[in-house]
Enquirer: 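Quick one: structure below, then a few questions.
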Amino acid sequence: MIVWINGAFGAGKTTTARELIELIPNSTLFDPEVIGGALTHLLPPKRLAEVGDFQDLSIWRRLVVDTAAAMLAELGGVLVVPMTLLRQEYRDEIFGGLAARRIPVRHVLLAPAETILRERIAGRAVPPDLPDGDLRVRQWSYDHIEPYRAALASWLTADAHPVDTSALTPYDTALRIADAVRTGDVPVCDIVQTPEPTAETVAAGVLLFDEQDRVLLVDPTYKAGWEFPGGVVEPGEAPARAGMREVIEETGITLDDVPALLVVDWESPAPPGFGGLRLLFDGGRLDTAAAQRLLLPGPELRDWRFVTEREAADLLPPVRYERLCWALRARERGAALYLEAGVPVG
């Protein structure tokens, strides 16, 4: 399993993690900062200059998951990961990727009082070989206090097991975390486990519309980006029935009729993805009462909304948006379309 130690910059995560691996048998420290350092040697300077934080790089989030999984496969036991995560979508993407590999995550939050946090930032040690390190490191930590406050107010406290470290040394903090992990006071994160495909897949999505003819999009917790309700078709399952099942699981809406096919799109393999067939069905229009019965965010969904075609362009990845556009054209014409990599054929 993984014990993920979260908290504001300067909260003492790494120091606590070093103490914790001495208290939890067969545990290893994995600091994702090393992934960020490696990316400075792997990515072109132009790409690095486009982001202010390496966490905004999808490759960093993917490598954190892959590296953690590889370390556990090599070493077994417990991985202790000290890393600040203040954006819920990044937490969901990383923890969802770990859940897909059947790796449970126990999420701990170091939460000293803000006055104590500021004192610790002011006294934080800085590498002597870092140019202007004293100013840069401390200012970075101060600048992230407000995003930390926002995360506390919106999702972080409810998601992680908080430990008030205001009056605790790193060793005392590690003792409390080790005891809470041992007793189960730090539960495994409640996030859906979606196994990663090992071959081409068939996936079925269902378009649902409101009375203004806007289409329903959902924001899954276990992967980045907005989607249509739907998922991978299980062995022996009819694609349309799979779409109906996923609609019930994700939104709580039961479709009375089998939805009509709108689009069959062959998605070409793009490593690390395997591609496969992507089908979109017309689930019909939901009246206001039915729309109000949509389940609000849970283990599978962070959010949902009805959007126009133009609004969908800002939410969906380009491949999914193209698929949506052709599905809407097929719905208008009353005839299904066959696509290859998002382009109509025949």
Side-chain angles (χ1 to χ4, degrees), residues 1-34 36 55 64 68 71 77-88 90-91 94-95 98 103-128 130 133-134 136-190:
M1 70 173 178
I2 286 176
V3 177
W4 192 288
I5 303 178
N6 204 346
F9 293 98
K13 300 179 297 298
T14 301
T15 309
T16 299
R18 292 195 181 107
E19 298 283 2
L20 188 59
I21 61 173
E22 300 300 324
L23 299 172
I24 297 179
N26 194 21
S27 60
T28 306
L29 177 67
F30 166 44
D31 189 346
E33 289 278 358
V34 302
Q55 290 196 11
V64 168
M71 288 183 68
V78 177
L79 214 57
V80 177
V81 183
M83 175 51 61
T84 298
L85 285 177
L86 300 182
R87 294 184 59 168
Q88 187 178 12
Y90 291 174
R91 171 267 183 203
I94 292 171
F95 287 15
L98 294 167
I103 300 172
V105 179
R106 299 180 187 271
H107 191 188
V108 178
L109 173 67
L110 304 190
E114 186 173 324
T115 54
I116 302 297
L117 176 62
R118 288 182 177 274
E119 289 176 6
R120 292 177 181 174
I121 292 173
R124 189 175 183 183
V126 176
L130 186 64
D134 185 79
R136 290 168 52 197
V137 170
R138 288 179 176 81
Q139 192 58 50
W140 173 271
S141 299
Y142 287 131
D143 290 345
H144 283 79
I145 289 179
E146 185 54 42
Y148 170 65
R149 282 201 210 108
L152 281 177
S154 59
W155 69 275
L156 188 51
T157 304
D159 187 83
H161 176 80
V163 178
D164 185 349
T165 64
S166 300
L168 299 178
T169 65
Y171 177 73
D172 292 333
T173 301
L175 278 176
R176 291 202 181 183
I177 294 172
D179 186 59
V181 170
R182 179 182 57 80
T183 60
D185 288 343
V186 184
V188 173
C189 287
D190 179 22

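Throughout, numbering of the chain's residues begins at 1 and tracks the sequence. Keep in mind it's a predicted model, so treat the numbers as computed, not measured.
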Enquirer: Got a second to check how far I2's CD1 is from M71's CE, nearest 0.5 Å?
Expert: 9.5 Å
Enquirer: Of all the heavy-atom pairs spanning L29 and P82, show the shortest one and how long it is.
Expert: CD1-CD, 3.6 Å
Enquirer: Considering non-hydrogen atoms only, spot the tightest contact between V80 and A17 and give its length.
Expert: CG1-CB, 3.7 Å
Enquirer: Heavy-atom distance under 4.5 Å between the side chains of Y148 and L156, does that happen here?
Expert: yes
Enquirer: Are N6 and H107 side-chain neighbours, meaning at least one heavy-atom pair lies under 4.5 Å?
Expert: yes
Enquirer: Okay, side chain of K13, backbone of L109: is any donor-acceptor separation there less than 3.5 Å?
Expert: no
Enquirer: What is the minimum heavy-atom distance between T84 and G7, and which atoms define it?
Expert: OG1-O, 2.6 Å
Enquirer: With a 4.5 Å cut-off on side-chain heavy atoms, are R106 and H161 touching?
Expert: no
Enquirer: What are the two closest non-hydrogen atoms of I24 and A178, and how far apart are they?
Expert: CG1-CB, 4.3 Å
Enquirer: To the nearest 0.5 angstrom, please state how far the CG atom of D164 sits from the OG1 atom of T173.
Expert: 9.0 Å
Enquirer: Measure the CG-CG distance between L152 and D159 for me, rounded to the nearest 0.5 Å.
Expert: 11.5 Å
Enquirer: Any side-chain heavy atom of V64 within less than 4.5 Å of one from M83?
Expert: no
Enquirer: Restricting to non-hydrogen atoms, name the atom on Y90 and the atom on Q55 that form the minimum distance, rounded to 0.1 Å.
Expert: CE1-O, 3.4 Å
Enquirer: Out of curiosity, T16 OG1 to I177 CD1, how far, rounded to the nearest 0.5 Å?
Expert: 6.0 Å
Enquirer: Less than 4.5 Å apart, any side-chain heavy atom of S27 and any of L20?
Expert: no
Enquirer: Can you tell if the side chain of V163 reaches within under 4.5 Å of the side chain of V108, non-hydrogen atoms only?
Expert: yes
Enquirer: For L86 and W155, work out which heavy atoms get closest and say how close.
Expert: O-NE1, 3.3 Å
Enquirer: Side chains of V78 and V181: closer than 4.5 Å at any heavy-atom pair?
Expert: no
Enquirer: Any ion pair linking R182 and D179 (charged N to carboxylate O, less than 4.0 Å)?
Expert: yes
Enquirer: Just by distance, do the side chain of T165 and the backbone of L168 share a donor-acceptor pair under 3.5 Å?
Expert: no
